[in-house]
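Both ligands and their constituent atoms are indexed starting at 1 by order of listing.
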Amino acid sequence: MSGLGKGITTASIGRLLKNRGYRVTAVKIDPYLNIDAGTMNPAQHGEVFVLRDGGEVDLDLGNYERFLDINLSSDHNITTGKVYQTVIEKERRGDFLGGTVQIIPHITDQIKACIRHAAAEELEENTHADVCLVEVGGTVGDIESMPFLEAVRQMHGELEDHDMVLVHVTLVPVDNMGDHKTKPTQHSVKALRELGLHPDIIVGRSECVILGGTKKKISAFCDVPPRAVISMATVPDIYHVPMEMEKEGLADVVSEYLDLEKRTPDTEWYHLVSREYTSRVTVAIVSKYGIEDVYISIKEALKHAGRALSTEVDIRWLDAETFDPAELADVDGILVPGGFGKRGIEGKLQAIQFAREHKKPYLGLCLGFQLAVIEYAKNVLRWADATSEEMGPGLHVIAILPEQEEVEDLGGTMRLGECAIDLKENTLIERLYGHNGITERHRHRYEVNPAMIADLEEAGLVFSGRCGNRMEVCELSDHPFFLATQFHPEFTSRPTRASPPYMGFVTACREERNRES
Ligand code: GLN
C-alpha cells in the first residue's frame, strides 16, 4: 500500500548493490492516468520532483537519485497516461492496421518496452547499469496496477533464470499485546499468486523488528525461505535503512537470486550517515502546505548540509496563513520554499522582511526568490503595490515574459529542468559554488520583470546569477546571509554531495546561533 516505504526499500536495495560496486538504475511505475506528476496537487501526492531533463516526476525518483547518486531521465517514471498515450499515437499512425488494440498484448508490450528502454539507457556517458530496479507503485489488487503486474509476470517468463528477482513489501502490524500479525502479508501474497506472481523475497514493514518466529511463520505461509523474509522496522533516519537491510542479509539474498558474485561492501555510506552531530540549529520554513512530504527534497538537502557540517538541523514548520513574526524570534534561520498561488503570500513577505531587517540568515527558493524581490520593491523602494502577475493586479515586479505568453496548456509548460547559470564575480553565490558555469534545475512560470531590474539593483539588491535575461539569484551585501535562487538547488543535493546554497545557509545559521549564545 502507499506510504509503506516501497520507494525507500527500492532505493536501499540499490544502495546495497552500489556499495558492492554494481551499477544500478531505477524505474518507478505510477499506475495513475496523469501523464506525469506535474499537474498533481503536492498536498495529496507529495512533492513533484524535477529531473535534469525537466521531467516532473514522483518523489521516489528523488530518493533514487539521492541514494544512488545518479541522474535519471523522464523515461524512468512510467505512468498509465504515458503508456496509453504512446499506444494510442501508434494506433492513429496505423502501426496496428487491421488489428484490434487491446490491453494484452498492446499495453503490456508497451510497458515492457518502456522498462527495457529505461534499463538500457546510459547511466553516465558510455556506462550502463548492471541492475535495474523497477518499483510498481500502488497496491496489489488495484484495478489500475493490473496491466503493470501482468507485464511483470510476462517479463518473468521471458527473462533467463537469475535475471529477475521479485521483492514484495508488506505491512506487518503489531497488535496491542506487542505481537506481529502476519495475516495482511499472507493475504497480499495470495492476491499476488492469483496474478501469477510469486515473491522471492518479502520485506516486512513494521514499527518494530520482526524476529525469527514471525519470519518462520511468514516463510511457511508464503513459500519463501526464512532468510528471504526481511525485517524493515521504522528507523529515525531513512539513510539508515540500507544499514539495517545489510544486517538483515538482504544483499546476499538478492545477489544469490540474481547470481551476482559475492563482494565485500564499501562502508563509506555507513560512515557518512552515522556521523555524530556536534552542534544544532533551528530553521523556520514558512509555507502554506501543512504536510512535510511536499518539501521532502528541501528537508533532505538541509540534512545533507547539516551532516557535512556535523550540525543537526531542526525544522520548525510555520503556517504562512496564521504567521506571526514573533514566531521567528528564537530561530537561527528562515527559509521560504517554492509554491504556487497567492494563499499565504502576506505571511511569507513578513517573514522575509523580518529576516532582512533583523539580519537573520535567509534562504529563498523559487517562489521564495520571487517574494524576496517583491519584498525589496515594496519595503525598500516603497513600491506599495509591487506583486507578481501570478497573484493578480498590481505592479508586476514578477511577470510572464513576452516570449512565454502563447502558452495555454498547464501540463509540462513551465520552465523546467536544468540550465546553465552565469554567476557574478565576488558574490556570495560565487563563493559558495567556488566556480562559475553552474547548472541547476527549475520549475516555475514567472520571472523578474526585466524593466525593473535596474531600479532594484540601484536600491541595493544584487542579482548575482543570470541565465540570459532571466534573473536566477539575488543577494544582499549588507547582510550576513541573504540569498535566494529562482532555481531549486535541493533537487541536486545528495547525501554524499551537499548543495552549496544549503551549506552556506546552515553555516550561517550556526554562526547566528553562536552569536546568540
Ligand atoms: N509560482 C511561481 C512560478 O510559477 C514559483 C514556482 C515555484 O516556486 N516552484 O513562477
Side-chain angles (χ1 to χ4, degrees), residues 36-43 45-52 54-57 59 62 285-289 291 293-299 301 320 334-349 351-352 362-375 377 386-392 394 396-419 421 440-450 452 463 465-474 483-493 499 501-502:
D36 60 36
T39 55
M40 296 171 86
N41 181 353
H45 195 75
E47 170 183 273
V48 178
F49 190 76
V50 181
L51 300 172
R52 191 154 67 169
E56 299 173 277
V57 295
L59 58 82
I285 299 187
V286 187
S287 81
K288 69 170 179 183
Y289 298 110
I291 57 164
D293 255 10
V294 176
Y295 298 114
I296 181 164
S297 292
I298 293 178
K299 236 167 70 177
I334 298 162
L335 188 154
V336 175
F340 293 84
K342 62 176 175 208
R343 193 155 61 84
I345 290 304
E346 284 313 315
K348 293 179 196 178
L349 286 170
I352 297 168
Y362 174 69
L363 181 63
L365 306 161
C366 206
L367 182 64
F369 161 85
Q370 298 175 354
L371 293 176
V373 176
I374 293 171
E375 192 280 323
T387 187
S388 163
E389 197 168 340
E390 184 181 9
M391 316 304 166
H396 292 153
V397 178
I398 305 294
I400 289 274
L401 296 187
E403 61 261 36
Q404 299 172 296
E405 265 165 13
E406 308 291 290
V407 178
E408 283 178 6
D409 281 354
L410 288 183
T413 57
M414 280 189 270
R415 179 176 180 222
L416 292 165
E418 198 174 81
C419 91
I421 296 146
E440 290 285 5
R441 301 181 191 175
H442 300 75
R443 181 172 188 253
H444 67 114
R445 209 179 290 282
Y446 300 87
E447 306 280 349
V448 177
N449 188 340
M452 300 175 186
F463 287 109
R466 293 167 197 240
C467 174
N469 63 343
R470 300 166 134 145
M471 297 304 106
E472 290 277 0
V473 188
C474 72
L483 182 78
T485 63
Q486 181 62 79
F487 56 81
H488 291 270
E490 58 275 14
F491 290 142
T492 51
S493 180
S499 159
Y502 284 85

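- Taking a cutoff of 4.0 Å between a charged side-chain nitrogen and a carboxylate oxygen, R415 and E472 qualify as a salt bridge.
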Taking it one step at a time, do S297 and E47 satisfy side chain to side chain donor-acceptor pair (under 3.5 Å)? CA-CA 8 Å; S297 292; E47 170 183 273; 2.6 Å; yes
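- Within the 3.5 Å criterion, the main-chain N or O of G417 finds a donor-acceptor partner in the side chain of H442.
- Contacts of ligand 1 (protein heavy-atom distance under 4.0 Å) are G338, G339, F340, C366, L367, Q370, E390, R443, H444, R445, Y446, H488.
- Shown here are the salt bridge (Lys or Arg N to Asp or Glu O under 4.0 Å) partners of R466, two or more places apart in sequence or in another chain: E457.
- With no hydrogens or angles considered, no side-chain donor-acceptor pair links S499 and E490 at under 3.5 Å.
- Note: K342 NZ to L367 CG = 14.0 Å, rounded to the nearest 0.5 Å.
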